[in-house]
Amino acid sequence: MGFSKDQLLDRLQELEIDYSKYEHPPVLTVEEQAKYVSSSEGALSKNLFLKDKKHRYYIVSAMVDTKVDMKVLSQRLGLGKGGIRMAPEEALGELLQVSLGCVTPFAVVNESSRDVSLLLDQKFKNQTRCIFHPLSNDVSVSLNTLGLDKFLKSIGRDPVYVDLEANPVVGKDQAPDLAVYVPSNSVVVPEVSNKTSTIQNPPPKSVSADVKPVASAKPSKPAGKVKSIADNSAPSAYKNPEKFVEEIMDKTSALLLSEAKGESVEALAETLRKRLTSEFTHLAIMYKNTAYTEGFYAGTRHQPNRL
C-alpha cells in the first residue's frame, strides 16, 4: 500500500516544510489545474513518466513552458534517439502507486519506486515556489525547492536538477551528460494490450513533447578521447569512498535524532532498519553507476596501440 496524500502532507509537516495546500476538482492536465491554482501561488509543473527499452523508469518534472524534446533527452541519457517513451498506465499503479494524472516528484516516496530515476527542471531553482500534486490530482501544494530538496533527502534521494532544454552534442568526443542518472535495475511490469502510453499533467499544445520512438535509432557509442560525464554530472560523494561513507553516517545520525523520542531500543532499531534500507540501496546504486561510468571512460582514454 503506497503513501496517501494525507500521509504525505503529514510527512511534510513532520519535516517542518513550509507549503500551501489548494483543494480542487480532479484535473488531468496543467491547463485544467491552472483554472483552480493561480500562477501567483507558484510555478505549475508538467510531469512525465517515462520508460526505456530495458524496462527502466523515469519521472521528468518540468516547468510548464519548458520544451522537453524526447529524442534529445534520450540521447543525453545514452539511449539513442528513440530509447525512451511514455510509460504504460499500468506502471503508475505498480511502481508509483498513483492513478492517472497524479504523477509527481513526491511519488518516489514509495518503496516500489526506489528504482525510478527523478529528473527535476533546473528552472525550478529560479522560482519562489513550485506547484505539484501530493500524490492525488484533487489537491495541489506550493513549496519552494528548499522544501522539496529537504523532503527528497529525507527519503534518501539526492535532488537532481538538469537543464531539460539543453541540446549538447553526443558522439565520439562527447559522452551523454545524463547517463549517470539511468537506473541500474530493470523493472518488468505486465502490460495490458489495450492500454495506451500515458503522459501525466500533459503540457499545453504550445509545449513541445515529441514522444514517438524511433525503432531504428541506436545508442551513441563514444570512442577515443572522451570527457568523463562524471566530472560534471555525478555528485562528488559518489566519486570518493570517504565522502560516500560520511554521507551514509550523516543520514543515519539525522534519522536517529529525528526518531529517538521515547522509543525502546528494539523499536528504534526496527524503525532505522525500515527507513534506511531503501535509502542506502539508492546510495549504493548511485555509487555503482558512477564507478561504472568512471571506469568506462577511463578505458576509452587508454586504448592499447593496435599492431
Side-chain angles (χ1 to χ4, degrees), residues 1-49 58-66 68 92-93 95-114 116-162 164 198-204 207 258 275 279:
M1 189 71 178
F3 265 59
S4 67
K5 65 180 178 184
D6 292 332
Q7 289 175 317
L8 177 65
L9 295 176
D10 287 343
R11 183 68 176 274
L12 295 181
Q13 291 180 349
E14 290 173 6
L15 293 170
E16 299 183 344
I17 294 174
D18 176 42
Y19 72 91
S20 299
K21 182 177 73 172
Y22 307 94
E23 296 183 351
H24 49 72
V27 295
L28 293 177
T29 68
V30 180
E31 291 175 311
E32 289 181 76
Q33 185 183 23
K35 296 177 182 178
Y36 305 102
V37 184
S38 171
S39 58
S40 63
E41 305 296 341
L44 291 171
S45 63
K46 58 184 178 185
N47 297 278
L48 313 178
F49 186 36
Y58 312 76
I59 293 175
V60 176
S61 185
M63 293 267 292
V64 172
D65 61 352
T66 295
V68 181
L92 293 175
L95 301 181
L96 303 188
Q97 299 196 43
V98 298
S99 57
L100 186 65
C102 302
V103 173
T104 167
F106 293 119
V108 295
V109 70
N110 292 312
E111 175 66 16
S112 55
S113 64
R114 64 185 178 278
V116 176
S117 182
L118 173 63
L119 299 179
L120 300 165
D121 193 342
Q122 186 174 288
K123 289 183 180 179
F124 286 141
K125 287 286 191 178
N126 300 323
Q127 304 301 312
T128 303
R129 297 176 80 84
C130 306
I131 297 174
F132 308 99
H133 288 312
L135 305 176
S136 178
N137 62 354
D138 60 355
V139 177
S140 297
V141 294
S142 172
L143 74 169
N144 58 33
T145 53
L146 291 178
L148 178 60
D149 292 353
K150 186 176 183 179
F151 167 77
L152 292 173
K153 290 178 180 178
S154 77
I155 59 173
R157 292 271 188 159
D158 284 310
V160 175
Y161 291 89
V162 300
L164 293 172
T198 57
I199 178 171
Q200 306 306 308
N201 281 8
V207 179
S258 66
R275 291 279 299 278
E279 296 183 9

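Note that these values count all heavy atoms, side chains included, but never hydrogens, waters or copies made by symmetry.
Under the 4.5 Å side-chain criterion, counting only non-hydrogen atoms from C-beta, Asn47 is in contact with Pro105. Inter-residue side-chain proximity for Arg129 and Asp18 is flagged as met; some heavy-atom pair is nearer than 4.5 Å. The closest side-chain heavy-atom distance from Ile155 to Arg11 is below 4.5 Å. Two residues are said to be in side-chain contact when any heavy atoms from C-beta on lie closer than 4.5 Å; Leu143 and Phe151 fail this criterion. At a threshold of 4.5 Å between non-hydrogen side-chain atoms, the residues Val27 and Lys35 do not count as touching. The closest side-chain heavy-atom distance from Val160 to Leu118 is not below 4.5 Å.
Here the closest non-hydrogen pair linking Ser61 and Phe132 is OG-CE2, 3.4 Å. Scanning all heavy atoms of the two residues, the minimum distance from Phe124 to Ala62 falls at CZ-C, 3.6 Å. The two residues Met63 and Ala43 have their closest heavy-atom pair at SD-CB, 3.5 Å. Taking each heavy atom of Gly2 and Gln7 in turn, the nearest pair found is O-OE1, 3.9 Å. For Glu32 against Pro26, the heavy-atom pair with the smallest separation is OE1-O, 4.4 Å.
Here the side chain of Thr104 pairs a donor or acceptor atom with the backbone of His133 at under 3.5 angstrom. The closest donor-acceptor contact from the side chain of Asn144 to the backbone of Leu146 lies under 3.5 Å. A donor-acceptor pair under 3.5 Å is formed between the side chain of Ser45 and the backbone N or O of Ile131.
Atoms SG and NZ, from Cys102 and Lys5 in turn, are 9.5 Å apart once rounded to the nearest 0.5 Å. Remark: Lys21 NZ to Ser142 OG distance equals 14.0 Å, nearest 0.5 Å. Remark: Thr66 OG1 to Lys123 NZ distance equals 3.5 Å, nearest 0.5 Å. If you take OG on Ser117 and OH on Tyr58, they are separated by 7.0 Å, rounding to the nearest 0.5 Å. To the nearest 0.5 angstrom, Leu92 atom CG is 11.0 Å from Gln97 atom CD. Remark: Lys150 NZ to Leu148 CG distance equals 12.5 Å, nearest 0.5 Å.
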What's the verdict on side chain to side chain contact (heavy atoms under 4.5 Å, CB included) for Tyr19 and Gln13, showing C-alpha distance, side-chain angles and the deciding distance? CA-CA 9 Å; Tyr19 72 91; Gln13 291 180 349; 3.3 Å; yes
Could you walk me through whether Asp121 and Lys46 pass the salt bridge (charged side-chain N to carboxylate O under 4.0 Å, His left out) test, one step at a time? CA-CA 10 Å; Asp121 193 342; Lys46 58 184 178 185; over 6 Å; no
Could you walk me through whether Val162 and Gln122 pass the side chain to side chain contact (heavy atoms under 4.5 Å, CB included) test, one step at a time? CA-CA 5 Å; Val162 300; Gln122 186 174 288; 5.8 Å; no
Going through the distances and angles, do Thr145 and Cys130 end up as a side chain to side chain contact (heavy atoms under 4.5 Å, CB included)? CA-CA 7 Å; Thr145 53; Cys130 306; 4.2 Å; yes
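Residue Ile59 forms a side chain to side chain contact (heavy atoms under 4.5 Å, CB included) with just one option from Leu95, Leu96, Leu119, Leu120, and that option is Leu96.
Inspection of the Ser136 and Asp138 side chains reveals an N or O donor paired with an N or O acceptor under 3.5 Å. No side-chain N or O of Ser20 forms a donor-acceptor pair with one of Glu41 less than 3.5 Å apart.
Using a cutoff of 4.0 Å between basic side-chain nitrogens and carboxylate oxygens, Arg114 and Glu111 are scored as salt-bridged. In summary, Asp149 and Lys125 engage in a salt bridge, as defined by a charged side-chain N under 4.0 Å from a carboxylate O.
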